[in-house]
Number of protein chains: 2
Amino acid sequence: MSVSTLVTAERDTEAGTLHQRILNDIEGKIVSGEWPIGHRIPFEVDLAREYGCSRMTVNKVLTQLARAGLIERVKKSGSFVSQPHTQSAVLEISDIRKEVESLKLPYAFNVPRVAKRKAQGADRLLLDVPVGTAILDITCVHLAGGKPFCLEQRLINLSSVEGVDQADFTKIPPGQWLLSQVPWSSAEHRIHAAAADATTAEQLGIAQGTACLVIERRTWSAGAAVTQVRLTYPGDRHALVATFTPSS
Amino acid sequence: MSVSTLVTAERDTEAGTLHQRILNDIEGKIVSGEWPIGHRIPFEVDLAREYGCSRMTVNKVLTQLARAGLIERVKKSGSFVSQPHTQSAVLEISDIRKEVESLKLPYAFNVPRVAKRKAQGADRLLLDVPVGTAILDITCVHLAGGKPFCLEQRLINLSSVEGVDQADFTKIPPGQWLLSQVPWSSAEHRIHAAAADATTAEQLGIAQGTACLVIERRTWSAGAAVTQVRLTYPGDRHALVATFTPSS
DNA sequence: AAGTGGTCTAGACCACTCG
DNA sequence: GAGTGGTCTAGACCACTTG
């Protein structure tokens with residue numbers, strides 16, 4: 001009924017959609033501690049009456065809060081403020097070129113090695129393909145302001161990507177090319193610290209043994225292994241930053 | 001889908017709710033490349049007719065896909081398969097005790113230092129409080145199987161947390177205590193690699209200069225700085241792992 | 001057995017943009 | 001100006017769980 005628009009207009013004191021206002025309100029009560037951990041949130045029907053909206057709107061809000069982990073929903077019992085179990089942080093791992101350009105530094109790269117070969121036993125641990133599969137083994141050094149910024153060591157499963165033969169990885173970095181070619185993918189990241197070995201140190205222009213941040217990523221698309229990459233950053237020149245807000 | 005493939009058809013369509021089935025279907029078309037980057041997705045009304053459901057149900061699905069970043073929605077024009085812009089990885093940064101226990105190792109910790117003092121200039125960079133604020137400065141070494149596992153250096157804003165005086169941080173680790181006391185929070189993470197300095201090396205029982213993974217986290221609650229913590233892991237003994245799937 | 005959340009519908013109005 | 005997505009409603013039925 002159009003009558004309800006009058007009622008909701010009255011509440012229109014704050015910005016955003018009805019969702020947002022209700023969500024902010026409830027989130028505020030949880031974040032501030034007014035509704036402590038374990039507190040039972042009013043039932044959907046009651047909230048709907050309180051906010052003067054339909055139950056679906058409230059449901060949408062509570063569903064979102066549950067997905068964010070602020071509340072837990074139990075059938076028949078109701079919804080409860082949940083205990084913060086794990087701090088989850090969303091890392092945005094972007095294109096290296098963009099990474100460099102966001103630092104206001106000129107970007108460049110060179111490719112010391114491109115080799116096509118058959119997968120060996122050691123590769124299986126990295127790329128998850130049968131021995132004998134044709135793979136591309138690439139080393140790429142990314143430069144920021146003319147200085148080494150990141151060492152990229154990559155394996156590509158040639159049978160899972162079309163048109164790799166046509167790609168010229170001396171003109172476009174392999175990571176960027178793959179991003180534009182492979183439709184969508186799932187990935188697994190592993191982040192750790194390691195001392196630079198002799199080869200790494202030389203290619204990055206740092207002293208052997210320097211602490212480096214290492215990001216290893218394995219990527220699948222449609223169930224097939226696509227690529228494995230190890231990105232090595234000199235530790236003092238790079239940091240991953242992630243922010244986290246409750247309902248995001 | 002033909003009637004003869006009853007079994008597979010059943011598996012396809014029996015994957016939970018109507019949302020899920022439609023979402024999986026559309027996600028499949030995007031992930032497989034059947035709908036390439038830039039492809040315009042059918043309008044909501046058409047999808048609703050195709051799937052035999054109401055527009056709201058389709059809207060829910062497309063909204064979810066948009067939130068996951070697989071599609072972009074433009075008013076009047078329609079929805080389009082978007083280019084994978086950044087690889088976003090969700091890190092689950094859990095309680096250190098749980099971390100250790102998940103390794104099937106006995107957990108223990110000791111607290112070499114607990115000091116209450118006024119915030120100095122150097123602290124401002126870390127904790128985001130005015131000079132002179134009462135803070136707690138804690139160092140905590142977490143042990144796994146009797147060996148140092150992680151060094152925790154923490155500052156707590158005493159004016160933002162109630163009951164800190166009653167807490168005995170020799171019995172419960174500060175991180176765990178805070179997690180149970182502070183309602184909810186936003187956080188900022190910074191991850192990098194660093195060589196262990198003399199103090200760190202001694203407390204972790206490793207050689208000076210060893211590559212370490214450093215996680216720094218600043219936490220706010222209700223707009224006020226709560227705590228800042230630096231977790232230092234010996235690089236070869238620890239890794240952060242994150243997985244990523246398109247629509248999660 | 002009752003009440004909860006989970007889901008879905010068939011409409012509706014709006015703001016915004018593009019053909 | 002027409003068509004898109006964005007949002008919201010007032011119902012409805014179901015599955016499940018717990019008092």
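Everything numeric in this text was worked out from a predicted model, so none of it was measured. Note: hydrogens, waters and symmetry copies are ignored here, and every other heavy atom, side chains too, is used. So you know, we letter chains A, B, ... as the sequences are listed, proteins then strands, and number each from 1.
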Output every pair passing side chain to side chain donor-acceptor pair (under 3.5 Å) with a member in residues 152-164 of chain A, not counting sequence neighbours, ordered by first then second residue.
His142(A)-Glu152(A), Glu152(A)-Arg154(A), Arg154(A)-Thr227(A), Asn157(A)-Ser159(A)

My understanding is that only residues two or more places apart in sequence, or in another chain, count here; which of them pass ring pair (Phe, Tyr, Trp, His ring centres under 6.0 Å) with Phe109(B)?
none

Roughly, in whole Å, what's the span from CD1 in Ile41(B) to P in dT4(D)?
15 Å

Value in whole Å for how far the P atom of dG5(D) lies from CD of Gln64(B):
17 Å

Mind calculating the distance between CZ (Phe43(A)) and P (dA2(C)) to the nearest angstrom?
16 Å

What pairs with Trp177(B) under ring pair (Phe, Tyr, Trp, His ring centres under 6.0 Å), at least two apart in sequence or on another chain?
Phe169(B)

In whole angstrom, give the distance that lies between atom CZ of Arg73(B) and atom C1' of dG6(D).
8 Å

Among residues at least two apart in sequence or on other chains, which ones pass side-chain contact (heavy atoms from CB on, under 4.5 Å) with Val31(B)?
Trp184(A), Glu27(B), Pro246(B)

Mind calculating the distance between CZ (Arg49(A)) and P (dT4(C)) to the nearest angstrom?
11 Å

Do nucleotides 14-19 of chain C as a string where each nucleotide becomes B, S or -: B if the base has a protein heavy atom under 4.0 Å, S if just the sugar-phosphate does, - if no protein is that close.
---BB-

Using the test side-chain contact (heavy atoms from CB on, under 4.5 Å), find all partners of Asp168(A) that sit at least two apart in sequence or belong to another chain.
Thr170(A), Lys171(A)

Take the protein atom OH of Tyr51(B) and the nucleotide atom P of dT7(C), then report the distance between them rounded to whole Å.
18 Å

Interatomic distance where CG belongs to Asn59(A) and P belongs to dC13(D) [whole Å]:
18 Å

Could you walk me through whether Cys53(B) and Val58(B) satisfy the side chain to side chain contact (heavy atoms under 4.5 Å, CB included) test, starting with their C-alpha distance in whole Å, then the side-chain angles of each, then the deciding distance to 0.1 Å, before giving a yes or no?
CA-CA 8 Å; Cys53(B) 65; Val58(B) 169; 3.7 Å; yes

Would you list the protein and nucleotides 8-12 of chain C atom pairs, both N or O, that sit under 3.5 Å from each other?
from	atom 1	to	atom 2	distance (Å)
dC8(C)	OP1	Leu18(B)	N	2.6
dC8(C)	OP2	His19(B)	ND1	3.0
dC8(C)	OP2	His19(B)	NE2	3.1
dT9(C)	OP1	Ser54(B)	N	3.4
dT9(C)	OP2	Ser54(B)	N	3.0
dT9(C)	OP2	Ser54(B)	OG	2.9
dT9(C)	OP2	Thr57(B)	OG1	2.4
dA12(C)	N6	Arg55(B)	NH2	3.0

Rounded to the Å, how far apart are Leu65(B) CG and dG5(D) C1'?
15 Å

Side-chain donor-acceptor pair present, His19(A), Gln64(A), cut-off under 3.5 Å
no

Of all residues at least two apart in sequence or in a different chain, which pass the side-chain contact (heavy atoms from CB on, under 4.5 Å) check with Arg218(A)?
Asp128(A), Glu188(A), Trp220(A), Gln228(A)

Listed once per pair and sorted, the ring pair (Phe, Tyr, Trp, His ring centres under 6.0 Å) pairs that draw on residues 33-53 of chain B, sequence neighbours left out
Trp35(B)-His39(B)

